Amino acid sequence: MRQTALITGATSGIGQASARKLAEAGFRIIITARRKDLLDRFADELRKNNHEVLTLVFDVRDRESCRKAIEGLPEEWKTIDLLVNNAGLALGLEPEYQGDFNDWDTMIDTNIKGLLNMTRFVVPGMVERDHGHIINIGSVAGDAAYAGGNVYCATKAAVKTITDGLRIDLADTSVRVTNIKPGLVETDFSRVRFHGDEDRADNVYKGIKPLCGDDIADVVVYAAKAPAHVQIAEVLVLATHQGSGSVICRKN
Ligand code: NDP
Ligand code: 8X3
């Protein structure tokens, strides 16, 4: 029986690239996100390439929807071997004292509570089977705050602590836990952060060759395919001309 991976936030960017590469690496794929049209289109592409795929449309912030999605899985899809908690976002880049309350709530509810919702519903089955792997997509932003990053950085610092806590709590099982922390990756991330302002989003990647979704997906697949006794605990992946969350060397 082939292994099954569930990837949240698979309509775009890192999640979509990870789902594609995990399918190519032999996983059956459960892809999830809110935008049904994009999810269906991606599922069609995967099926055309003979990959086995199931779509689930829900918002990770909605705990009951997460519960229903997992509990309602068809029998042949119930055994999840790999959970990739990728769904997440940044909103705004204002100083903390001028931040938008709704943006804060959305980031905290998605990046922290959404990840916890999925973990809470999927991991008990892994513990029961004494087999499984959780890969959380953290960020270099979780290592240290940068200007205007305040709440987003705090959510990714929380992802690091939550991931470490889970790893400790699962150390007496065979379930593995990984935190992958990307730096600048060119996806829809900045378009979402700047509420659709394309010029501002494009500027984020000016003068530097950023990472792409596939670069992070390669690391996801590496961690997932490592031998069972090898737990890739944490990986920081930066563009070559990025030194840290706030040091980015741009060339004209
Ligand atoms: P994208 O905006 O390209 O993708 C984000 C994905 O998350 C989309 O598929 C979106 O799907 C999904 N999503 C967002 N909110 C929700 C929600 N409430 N419920 C379900 N799905 C949701 O961004 P990235 O691929 O760049 O981001 C993926 C992850 O990587 C995030 O956690 C981000 O913080 C992290 N990251 C990104 C970096 C970057 O520079 N790009 C660097 C470091 C980390 P839909 O809208 O259809 O629901
Ligand atoms: C995304 C990377 O540096 O834009 O987490 O915050 S950064």
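In listed order, ligands and their atoms are each counted from 1. Source: prediction; values computed, not measured.
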Check ion pair Lys206-Asp202 (N to O, under 4.0 angstrom):
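No, no charged N to carboxylate O under 4.0 Å.
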
Salt bridge or not between Asp164 and Arg167? Use side-chain N to carboxylate O under 4.0 Å.
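Between Arg167 and Asp164 there is a salt bridge, with a charged N closer than 4.0 Å to a carboxylate O.
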
Please answer whether the main-chain N or O of Leu238 pairs with a side-chain N or O of Lys181 as donor and acceptor at a distance below 3.5 Å.
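Looks like no, no N/O pair under 3.5 Å.
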
Residue and atom name of the nearest protein heavy atom (relative to [atom]), distance in Å to one decimal:
{"atom": "atom 3 (O) of ligand 1", "result": "Ser12 OG, 2.5 Å"}
{"atom": "atom 35 (C) of ligand 1", "result": "Ile137 CG2, 3.8 Å"}
{"atom": "atom 4 (O) of ligand 2", "result": "Phe189 CE2, 3.6 Å"}
{"atom": "atom 25 (O) of ligand 1", "result": "Ile14 N, 2.8 Å"}
{"atom": "atom 26 (O) of ligand 1", "result": "Thr187 OG1, 2.6 Å"}
{"atom": "atom 29 (C) of ligand 1", "result": "Asn86 O, 3.1 Å"}
{"atom": "atom 3 (O) of ligand 2", "result": "Tyr146 CE2, 3.8 Å"}

What do you reckon, does [X] put a non-hydrogen atom under 4.0 Å from ligand 1?
{"X": "Leu38", "value": "no"}
{"X": "Gly138", "value": "yes"}
{"X": "Thr8", "value": "no"}
{"X": "Ala10", "value": "yes"}

Should one rank [options] by closest heavy-atom distance to [atom], which comes out on top?
{"atom": "atom 42 (C) of ligand 1", "options": "Cys212, Gly183, Pro210", "answer": "Gly183"}
{"atom": "atom 12 (C) of ligand 1", "options": "Ser65, Gly9, Ala33", "answer": "Gly9"}
{"atom": "atom 36 (N) of ligand 1", "options": "Tyr205, Phe58, Tyr152", "answer": "Tyr152"}
{"atom": "atom 46 (O) of ligand 1", "options": "Gln16, Lys181, Arg34", "answer": "Arg34"}

Donor on one side chain, acceptor on other, Asn85 and Thr119, under 3.5 Å
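Side-chain D/A pair, Asn85 to Thr119: present.
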
Give every residue pair that meets the salt bridge (Lys or Arg N to Asp or Glu O under 4.0 Å) criterion with at least one member in residues 101-111, sequence neighbours excluded.
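Sorted result for residues 101-111: Asp109-Lys113.
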
Examine the proximity of ligand 1 to [X] and report which part, side chain or backbone, both or neither, has a heavy atom under 4.0 Å away.
{"X": "Thr110", "value": "side chain"}
{"X": "Arg191", "value": "neither"}
{"X": "Phe42", "value": "neither"}

Show which atoms of ligand 2 fall inside a sub-4.0 Å distance from at least one heavy-atom site of Ser139.
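The list of qualifying atoms is 1 (C), 2 (C), 5 (O).
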
Atoms of ligand 2, numbered as shown, that sit under 4.0 Å from any heavy atom of Ala141
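Here the atoms of ligand 2 in question are 6 (O).
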
Show the atom names and distances, to 0.1 Å, of all donor-acceptor pairs under 3.5 Å that link a side chain in residues 18-27 to residues at least two apart or in another chain.
{"unit_1": "Ser18", "atom_1": "OG", "unit_2": "Ile14", "atom_2": "O", "d": "2.7"}
{"unit_1": "Arg20", "atom_1": "NE", "unit_2": "Glu45", "atom_2": "OE2", "d": "2.8"}
{"unit_1": "Arg20", "atom_1": "NH2", "unit_2": "Glu45", "atom_2": "OE1", "d": "3.1"}
{"unit_1": "Lys21", "atom_1": "NZ", "unit_2": "Asp218", "atom_2": "OD1", "d": "2.9"}

